[in-house]
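Chain A is the first sequence line, chain B the second, and so forth, proteins listed ahead of strands; every chain is numbered from 1.
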Amino acid sequence: MSESTLTRPNTTQPVPALPRGRGIRLGMKRIGYEIKTYFRVGDQVFFTFLFPVVMLSIFAAAFSASGNVGTNPDGTGGITQGAYFLPGMIAAGILLSGVQNLAVDIATEKSDGTLKRLGGSPLPVISYFIGKMGQVFVTSLAQIALLLLVARVVFSIELPTEPELWARFAWLYLLGIVTSAVLGIALSALPRTGKSATAVVIPIVLVLQFISGVYLMFTMLPEWLQNIASIFPLKWLAQGMRSVFLPESFASLEQNGSWELGWVALVLLIWCVVGLVLCRFTFRWIRKDS
Amino acid sequence: MTSPINVAQTSAGLSSSPVVEVRNLVKRYGAQTTVSGVSFDIVRGETFALLGPNGAGKSTTIEILEGYRDRTSGDVQVLGVDPQKGDLAWKAQLGIVLQSSAEAAHVTVREQVEQFAAYYPHPRDVDEVIAAVGLTDQSKTRIGKLSGGQRRRVDVALGVVGRPQLLFLDEPTTGFDPEARRHFWDLIRSLKAEGTTILLTTHYLDEAAQLADRVAVIAAGRLVEIGPVDTIGGADARVPVVRWRDAAGLRTERTLEPAAFVRALSAEIGEEPRDLEVIRPSLEDVYLGLVSAADAKAADATSATHATGAAHV
């Protein structure tokens with residue numbers, strides 16, 4: 001073949017521009033797709049979606065004989081074990097729906113070729129993330145609704161009625177789920193393969209749950225462990241959720257004798273920003289040249 | 001090839017301006033050079049096959065054109081855009097069928113094709129695409145339950161649903177049964193008839209012979225031959241071979257006049273030659289000849305001192 005000289009047509013543009021506003025519209029479309037696939041994966045539904053409900057049921061049943069928490073000196077009053085651990089389970093659910101779900105999901109999609117295919121299509125990255133965030137919002141709200149329903153109906157746990165407590169729940173939930181989701185996306189960069197994703201992610205999440213007052217009363221932990229747990233967001237989210245679902249008198253049982261909602265907001269916000277920065281610098285459709 | 005000078009493109013786009021231009025493409029990974037100085041053009045509407053043994057640099061080349069890999073040096077333009085700077089509007093004009101994939105096991109064929117169709121500004125009809133790849137009966141089946149060949153057809157469906165100007169097919173028919181391969185060829189011919197430019201890599205030489213207007217052979221990162229299917233390798237490589245058996249064993253003779261040779265042969269031995277065959281070298285024979293010649297040359301080059309920046313054919 002004779003190598004023709006490199007003369008490029010510099011007139012017309014063979015690539016027409018795309019319409020504006022595709023990112024949001026396609027993001028909405030991705031949400032439906034993501035939710036559909038979420039509920040079709042059996043182990044995901046069990047280990048992420050139903051896990052807090054299962055744990056709450058086990059706790060409420062297993063410790064029903066060990067008496068109430070926060071009783072008066074004469075043994076009266078207080079709340080059941082199930083009621084005491086409910087807010088921790090809600091916080092754990094938020095962590096699972098965001099961190100565990102997205103970290104495993106995205107790491108798997110990275111290794112099975114999903115992201116490579118999407119990266120070769122005209123799908124905007126933002127649409128992909130809108131889809132993931134939408135999936136996290138919908139599944140975590142459904143999870144919390146189920147948790148509260150089981151708590152109220154099966155275990156007769158009293159739920160708060162004051163609107164200001166539900167308003168507090170709303171901001172804790174929103175800040176918690178967004179932080180959890182961005183940390184999940186950031187953590188998805190860690191596993192080298194899809195197969196190792198659960199092995200990398202689940203232990204991290206499980207250890208956090210044990211040291212953050214989800215399954216064990218936080219103040220029972222040694223102080224050094226409390227200090228380590230205080231670096232991470234789950235301890236604060238669980239504490240915030242206890243302020244919503246437990247009687248005001250229980251504030252005295254906390255590490256510093258109060259709910260510390262200002263610290264809760266601050267620590268979650270810092271982790272949210274850290275997560276966003278990590279996502280921005282670590283997320284790629286594919287690892288080029290790997 | 002014609003040299004394009006400021007060809008104004010119509011929307012029909014049937015000009016001969018190159019859709020793909022590759023000049024002196026080089027890709028290195030550390031000390032290893034995977035692609036060393038490859039150049040070619042693909043014009044609009046052409047079906048171009050890239051052939052070569054495993055590890056020759058075919059997939060690296062195609063992934064550089066798709067924007068998945070960055071080149072080390074050289075000049076690449078795909079639809080007038082440097083793939084390293086390709087944006088979403090550029091991607092909307094491409095169809096990419098990658099080599100292997102195992103994703104999306106939990107959605108049905110139709111859900112997946114419909115999802116991808118939405119990403120493109122002027123997609124093809126979802127059911128027509130599913131029918132074209134022969135999966136109408138499986139359209140409500142989850143992709144995880146399909147056979148390997150059927151999954152491959154889903155990949156092809158996702159590659160063409162966006163009505164691409166340029167379609168990349170990286171070993172598209174691996175795992176197809178012969179009938180599915182014939183259907184696939186018909187599909188590719190109909191895309192070509194609509195003006196789609198196609199870049200194909202394949203291990204099946206008959207597939208390249210069936211579909212491609214031109215082929216390029218890559219061996220050890222270098223382009224060893226390029227041209228229309230029926231001329232590559234030159235006239236010498238296509239000289240027919242007469243083969244027969246006599247007391248000495250299997251005999252072969254290469255001749256441009258096989259009929260005359262056979263007549264003379266049978267007159268000489270006075271009977272019908274045993275196991276007589278007249279063979280016209282297929283694309284596969286030509287290809288194997290080119291690749292083994294390139295391998296021998298590469299071995300010579302490495303045993304001699306390094307010839308830096310050696311020009312390809």
Side-chain angles (χ1 to χ4, degrees), chain A residues 1-20 22-23 25-30 32-34 36-42 44-45 108-128 131 194 284-290, chain B residues 1-10 13 15 17-19 21 23 29 39-41 66-70 75 77 79-81 86-96 98 100-107 111 115-116 118-121 142 155 158 162 165 168 214 216 223 226-227 313:
Chain A
M1 183 183 101
S2 68
E3 301 292 298
S4 60
T5 49
L6 194 55
T7 320
R8 261 180 230 125
N10 54 8
T11 47
T12 43
Q13 173 62 266
V15 179
L18 294 171
R20 297 198 164 276
R22 287 172 76 246
R25 183 174 57 80
L26 292 178
M28 295 298 156
K29 188 164 179 66
R30 290 284 309 174
Y33 180 87
E34 294 280 3
K36 196 155 52 184
T37 47
Y38 179 96
F39 284 108
R40 285 182 188 175
V41 185
Q44 195 158 26
V45 170
T108 307
E109 290 193 342
K110 195 171 282 183
S111 82
D112 72 11
T114 303
L115 295 194
K116 188 169 186 183
R117 194 198 296 281
L118 291 176
S121 83
L123 181 76
V125 177
I126 188 73
S127 310
Y128 176 76
R284 296 283 179 276
W285 284 127
I286 60 161
R287 294 190 180 107
K288 271 193 182 179
D289 302 333
S290 62
Chain B
M1 281 196 52
T2 55
S3 108
I5 302 159
N6 293 343
V7 186
Q9 288 178 322
T10 60
S15 68
S17 71
V19 170
E21 294 178 81
R23 290 292 172 280
Y29 293 97
S39 302
F40 60 87
D41 283 353
E66 290 162 346
Y68 281 125
R69 288 172 196 276
D70 292 341
D75 196 358
Q77 298 276 313
L79 299 172
V81 173
D87 60 4
L88 296 177
W90 176 74
K91 288 181 188 175
Q93 300 302 322
L94 304 180
I96 297 178
L98 294 163
S100 66
S101 47
E103 82 271 22
H106 301 282
V107 292
E111 285 168 344
Q115 174 72 212
F116 273 77
Y119 304 163
Y120 294 88
R142 289 194 190 177
D155 293 336
L158 299 181
Q165 287 188 48
F168 294 100
R214 285 190 306 141
L223 201 66
I226 184 167
V313 179

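Chain A forms more heavy-atom pairs under 4.5 Å with one residue of B:Arg142, B:Gln165, B:Gln115 than with any other, namely B:Gln115. Among the candidates A:Leu26, A:Thr37, A:Thr108, the residue making the largest number of heavy-atom pairs closer than 4.5 Å to chain B is A:Leu26.
Residues A:Arg117 and B:Asp155 have side chains in contact (heavy-atom distance under 4.5 Å, counting atoms from C-beta outward).
One finds the NE2 atom of B:His106 at 10.5 Å from the OH atom of A:Tyr33 (value rounded to the nearest 0.5 Å). Atom OG of residue A:Ser121 and atom OH of residue A:Tyr128 lie 11.5 Å apart, to the nearest 0.5 angstrom.
When the side chain to side chain contact (heavy atoms under 4.5 Å, CB included) test is applied to A:Ala17, no partner is found at least two apart in sequence or on another chain. With sequence neighbours left out, the side chain to side chain contact (heavy atoms under 4.5 Å, CB included) criterion links A:Lys116 to A:Ile286, B:Glu63, B:Tyr68, B:Leu98.
With a 4.5 Å cut-off on non-hydrogen atoms, B:Glu66 does not touch chain A at all. Using a 4.5 Å cut-off between heavy atoms, B:Phe116 touches chain A through its side chain atoms alone. With a 4.5 angstrom heavy-atom cutoff, A:Arg22 touches chain B only via side-chain atoms. Contact of A:Lys29 with chain B is made through backbone and side chain together, with heavy-atom distances under 4.5 Å.
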